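Chain naming here is simple, since letters A, B, ... match the order of the sequence lines and numbering starts at 1 in each. Note that the structure is a prediction, hence the values are computed from the model and not measured. For the numbers below, each heavy atom of this structure counts, side chains included, while hydrogens, waters and symmetry mates do not.
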Amino acid sequence: MATSELHTPVLDWYDEHQRDLPWRRPEASPWSVLVSELMLQQTPVKRVLPVHEAWLERWPTPADLAAEPTGEAVRAWGRLGYPRRALRLHAAATAIVADHDGEVPADYDDLIALPGVGDYTAAAVASFAFGRRHVVLDTNVRRVLARAVGGVEWPARSVTRAERDAAALLLPADDATAATWAVAVMELGALVCTATGPRCAACPVADRCAWRLAGHPAYDGPPRRAQAWEGTDRQCRGRLMVVLRESHAPVHRSALDAVWPDEEQRTRCLAGLVADGLVAQVAADVYALP
DNA sequence: AACTCGTGGCG
DNA sequence: TCGCCAAGAGT
């Protein structure tokens, strides 16, 4: 397919249908973009919005966050999930103050060196906040390209070399258009080319989508494992964190015992949370956010 | 490379 | 109802 012919319809569609998100506004700081990207890792936009707003209100710069105890970040993280991201964001803020004069760096290499910033987030911040030209491969982009270009419903489990090469070939040559392209494809995946129930009737490239043109062939790759939840350590850790987040005073062990029946698992998870830096033991049998 | 790490909304 | 999935990173 002449992949360059995807550009105009996708860019035009984005111009008309893009969501008004706080971290996309012209006045949004690179710090706002970085905060949003950490929060959006595996968490839907709708749930991020209020937390992001409160976060930027309270900590308008990396230095503001770095000056606080890590526990304040964990508490403000609320129920976004994966609270280690709050610790990483705090650590990233600290590194930005220490190594970059308090300014979020614009270079991919500097960004990816920050805690909690991997390939996707480094490329996203460089692209969205600084207008740099990068291949931005998130779950939305990967799904759109798998369908429109690859002709299959789902991409591979992890990013392949061929996938990255294909995305690089699609990237417009100049920085500004490349940055818009990156966010536009992502938005198309989020709003139209969704994981379940894609709205092909509303898709600007439906008439040239390889998957649709092939008649929407069923997925025939390896089974995609469902996330286990009931009875897992993650569920146990989540229960323990709720107690600590909701208490503004240190908590006795008995209050933690009450939320998970299996003593062995509960003890292991609490030790894990302490080891992760999400929980501090402040006295014998007394715990608090760090 | 496979596994771990939260939470909640939606079809 | 309940399985699926959401702007991934670290190990």
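If you check dG10(C), dG6(B), dC5(C) against the side chain of T43(A), the one that comes closest is dG6(B). Comparing dT4(B), dC4(C), dG8(C) by their closest approach to the side chain of R84(A) singles out dT4(B). Looking at the side chain of Q227(A), the nearest of the listed nucleotides dC5(B), dA7(C), dG6(B) is dG6(B). In the set dC4(C), dA9(C), dA7(C), dA7(C) carries the atom at the smallest distance from any side-chain atom of M186(A). For R79(A), taking side-chain heavy atoms from C-beta onward, the closest of the listed nucleotides dC5(B), dG6(B), dT7(B) is dT7(B).
Contact detail for R133(A) and A178(A): the closest heavy-atom pair is CG-CB, 3.5 Å.
At a cut-off of 3.5 angstrom, the base of dT7(B) holds no donor-acceptor pair with the side chain of R234(A).
The phosphate of dG8(C) has neither OP1 nor OP2 within less than 4.0 Å of any side-chain N or O from T121(A). When the side-chain nitrogen and oxygen atoms of R225(A) are compared with OP1 and OP2 of dC3(B), one or more of them lie within a distance under 4.0 Å. Side-chain nitrogen and oxygen atoms of R245(A) include at least one within less than 4.0 Å of the OP1 or OP2 phosphate oxygen of dT7(B). Residue R143(A) places at least one side-chain N or O closer than 4.0 Å to OP1 or OP2 of dA6(C). Under 4.0 angstrom from either OP1 or OP2 of dG6(B) there lies at least one side-chain N or O belonging to R237(A). Distances shown here put a side-chain N or O of R224(A) below 4.0 Å from the OP1 or OP2 atom of dC5(C). In this structure, Q42(A) reaches the dG8(C) phosphate: one of its side-chain N or O atoms is under 4.0 Å from OP1 or OP2.
The residue among L80(A) and K46(A) whose nearest nucleotide of DNA chain B lies closer to the 5′ end is L80(A). Of the two residues contacting DNA chain C, namely G116(A) and D138(A), the nearest-nucleotide position lying further toward the 5' end is that of D138(A).
Note: CD1 (I112(A)) to P (dG10(C)) measures 8 Å, nearest angstrom. Rounded to whole angstrom, the span from the CD atom of E37(A) across to the C1' atom of dA7(C) amounts to 5 Å. Regarding Y82(A), its OH atom lies at a distance of 14 Å from the P atom of dG10(C), rounded to whole Å. To the nearest angstrom, P of dA9(C) lies 12 Å from CG of L111(A). Atom CZ in R157(A) sits roughly 12 Å away from atom P in dC5(C) (whole-Å rounding). In this structure, D119(A) places its CG atom 11 Å from C1' of dA9(C), rounding to the nearest Å. For the pair L21(A) CG and dA7(C) P, the computed distance is 11 Å after rounding to whole Å. As rounded to whole Å, 14 Å separates atom C1' of dT7(B) from atom CD of E246(A).
For W31(A) and W59(A), the ring centers sit 6.0 Å or farther from each other.
Here the separation of dA2(B) from dA7(C), taken at their C1' atoms, is 23 Å to the nearest Å. Comparing the C1' positions of dG8(B) and dG10(C) gives an interatomic distance of 24 Å, to the nearest angstrom.
For the pair R147(A) and W154(A), the cation-pi test (distance below 6.0 Å, angle within 45°) is passed.
Looking at H17(A), R24(A), Q18(A) one by one, the single match for side chain to side chain donor-acceptor pair (under 3.5 Å) with E187(A) turns out to be R24(A).
As judged by a 4.0 angstrom heavy-atom cut-off over every strand, G118(A) is placed among residues touching the sugar-phosphate backbone only. Here A124(A) lies out of heavy-atom contact (under 4.0 Å) with every strand. Counting non-hydrogen atoms under 4.0 angstrom, L278(A) reaches nothing in the nucleic acid. Within 4.0 Å of T139(A), counting heavy atoms only, lie sugar-phosphate atoms of the nucleic acid but no base atom. Backbone-only contact: R88(A) has heavy atoms under 4.0 Å from sugar-phosphate atoms and none from a base. Across all strands, R19(A) comes closer than 4.0 Å to base atoms (heavy-atom distances). At the heavy-atom level, V117(A) lies under 4.0 Å from the strands shown only through sugar-phosphate atoms. In this structure, W77(A) reaches neither bases nor backbone, as no heavy-atom distance under 4.0 Å exists between it and the strands shown.
Without hydrogens or angle criteria, D107(A) side chain to D110(A) main chain gives no donor-acceptor distance under 3.5 Å. Put simply, the side chain of H134(A) never gets that close to the backbone of V136(A): no donor and acceptor are under 3.5 Å apart.
A salt bridge links R161(A) and D165(A); the closest N-O separation between the charged side-chain nitrogens and carboxylate oxygens is under 4.0 Å.
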